[in-house]
Amino acid sequence: MITSNDLHFFAVLSGARSLAAAARALDVTPPAVTQRLQQLEQRLGVRLVERSSRQLHLTAEGELLAGRGAELLAELDGLADALVARRKRVTGHLRVAAPFGFGRHYVAPAMAALRTRHPDVTLSLMLFEDPAFPRADGWDVLIHVGALSDSALTLHRLAANHRILCASPAYLARCGMPERPEDLRRHDCGVIRENKTDESLWRFAGSDGGQVTLRLQPALASNDGTVIRDWGLAGLGIIVRSEWDVADDLKLGRLIALLPDWRLPDADIVALTGPHSGRVARVARFLEELRSTLHPVPWRIDRPEPVVGE
């Protein structure tokens, strides 16, 4: 009643924001996606997707099919890999989702290196702004930067990554250097708004054990971290960015790290895999390649740190 092609189709569909997005991913027209979905629902006798808005929402049956389907596809991939492994080859299609900036700088090169070593592997890289967007059952590996809510996925720690409070020399010359977190209330600050998190709430831990939490009224806000970084470089305000993103700017003096005795929560780099995909050969080889890319930590400002263990 259900074929592996059906499972692949629904995996792509469940990982898309809309029928149009699924059509682009499948390289077909939106009507073709709608027709195939209707045919699948008719064969199964259940409704899989609610189509009452522009976004896709899975029904309980759709959630079940997406979850169990991902497990079955992973098991099929694992079986294929086990057979191919007897010939010492890594094959199949690797699907990775990652944030825009980190994905371009580090994930894409690691995937390219994987294909160079294993030319029978084909690749898909989906870059996104909102970490909550890609459904995990639509991808083999999901790269994430920062804190995570509870997840049933398997977490692989890849590298340490601090969050840095910083500003340009021009801004500091004009507005002065903050000496304590509370001083930030009188400064122009820029925040990134994504993943439904409250980025206007900044929490600091002092070297003396003190804790300070600030509610800011940001002068600058964007859902794109590159925009916030560019505004900081332009002298528009104080920003918080990942160490990997501003390490070169700090080394070259284009940005200055602030409040050295206070630390923001870290935003480590992690990879998430499903309960079975982590055992698939191409996924395991990709994680090895990415760890090699990130060890020693390439953005460490002071000294290299070893990669964080599993």
Is the closest side-chain heavy-atom distance between [X] and [Y] below 4.5 Å?
{"X": "Leu48", "Y": "Leu13", "value": "no"}
{"X": "Val141", "Y": "Met111", "value": "no"}
{"X": "Val28", "Y": "Phe9", "value": "no"}
{"X": "Val280", "Y": "Phe286", "value": "no"}
{"X": "Leu37", "Y": "Phe10", "value": "yes"}
{"X": "Val191", "Y": "Trp202", "value": "yes"}
{"X": "Leu127", "Y": "Phe102", "value": "no"}
{"X": "Asp140", "Y": "Thr273", "value": "no"}

To the nearest 0.5 Å, what is the distance between [atom1] ([X]) and [atom2] ([Y])?
{"X": "Ile238", "Y": "Ser168", "atom1": "CD1", "atom2": "OG", "result": "9.5 Å"}
{"X": "Leu94", "Y": "Trp139", "atom1": "CG", "atom2": "CH2", "result": "10.5 Å"}
{"X": "Arg174", "Y": "Leu236", "atom1": "CZ", "atom2": "CG", "result": "7.5 Å"}
{"X": "Leu114", "Y": "Glu288", "atom1": "CG", "atom2": "CD", "result": "9.5 Å"}
{"X": "Leu201", "Y": "Leu214", "atom1": "CG", "atom2": "CG", "result": "8.0 Å"}
{"X": "Gln38", "Y": "Arg36", "atom1": "CD", "atom2": "CZ", "result": "13.5 Å"}

Arg241/Asp249 salt bridge by N-O under 4.0 Å criterion: no
Might you confirm whether atom NE2 of His105 has over 12 heavy atoms from other residues, nucleotides or ligands at distances under 6.0 Å? no
Which atom names give the shortest non-hydrogen contact between [X] and [Y], and what distance separates them?
{"X": "Phe204", "Y": "Pro181", "value": "CD1-CB, 3.8 Å"}
{"X": "Trp262", "Y": "Gly210", "value": "CZ3-O, 3.8 Å"}
{"X": "Pro99", "Y": "Ile143", "value": "CD-O, 3.3 Å"}
{"X": "Gly176", "Y": "His187", "value": "O-CE1, 3.2 Å"}
{"X": "Gly235", "Y": "Tyr171", "value": "O-CD1, 3.5 Å"}
{"X": "Arg163", "Y": "Pro265", "value": "CD-O, 2.8 Å"}

Could you give me the CA-CA distance, side-chain angles and deciding distance for Leu142 and Phe128, then say whether side chain to side chain contact (heavy atoms under 4.5 Å, CB included) is met? CA-CA 11 Å; Leu142 176 63; Phe128 58 88; 3.8 Å; yes
His162 and Arg263 side chains, donor-acceptor separation under 3.5 Å: yes
Ser200-Arg215 side chain donor-acceptor pair, cut-off 3.5 Å: yes
[X] side chain vs [Y] backbone, donor-acceptor pair below 3.5 Å:
{"X": "Asn161", "Y": "Glu243", "result": "yes"}
{"X": "Arg282", "Y": "Thr91", "result": "yes"}
{"X": "Ser242", "Y": "Asp245", "result": "no"}
{"X": "Asp230", "Y": "Val227", "result": "no"}
{"X": "Asp6", "Y": "Ile2", "result": "no"}
{"X": "Thr116", "Y": "Ala112", "result": "yes"}

Audit row: His156, Val283, side chain to side chain contact (heavy atoms under 4.5 Å, CB included) steps and yes/no: CA-CA 12 Å; His156 310 262; Val283 171; over 6 Å; no
Quick one: list whatever passes ring pair (Phe, Tyr, Trp, His ring centres under 6.0 Å) with His93, sequence neighbours left out. none
Is there any salt bridge (charged side-chain N to carboxylate O under 4.0 Å, His left out) pair reaching into residues 109-118, and which pairs are they, with sequence neighbours excluded? Arg117-Glu289
After noting the C-alpha distance and the side-chain angles of Arg68 and Leu7, does the key distance pass the side chain to side chain contact (heavy atoms under 4.5 Å, CB included) rule? CA-CA 9 Å; Arg68 287 287 293 121; Leu7 296 180; over 6 Å; no
Check the orientation of Tyr106 and Trp244. Use parallel for under 30°, tilted for 30 to 60°, and perpendicular for over 60°. perpendicular
Could you go through Val46 and Thr59, starting from their C-alpha distance and side-chain angles, then the distance that decides it, and tell me whether this counts as side chain to side chain contact (heavy atoms under 4.5 Å, CB included)? CA-CA 9 Å; Val46 294; Thr59 64; over 6 Å; no
Please enumerate all residues that pass salt bridge (charged side-chain N to carboxylate O under 4.0 Å, His left out) together with Asp120, with sequence neighbours excluded. Arg89
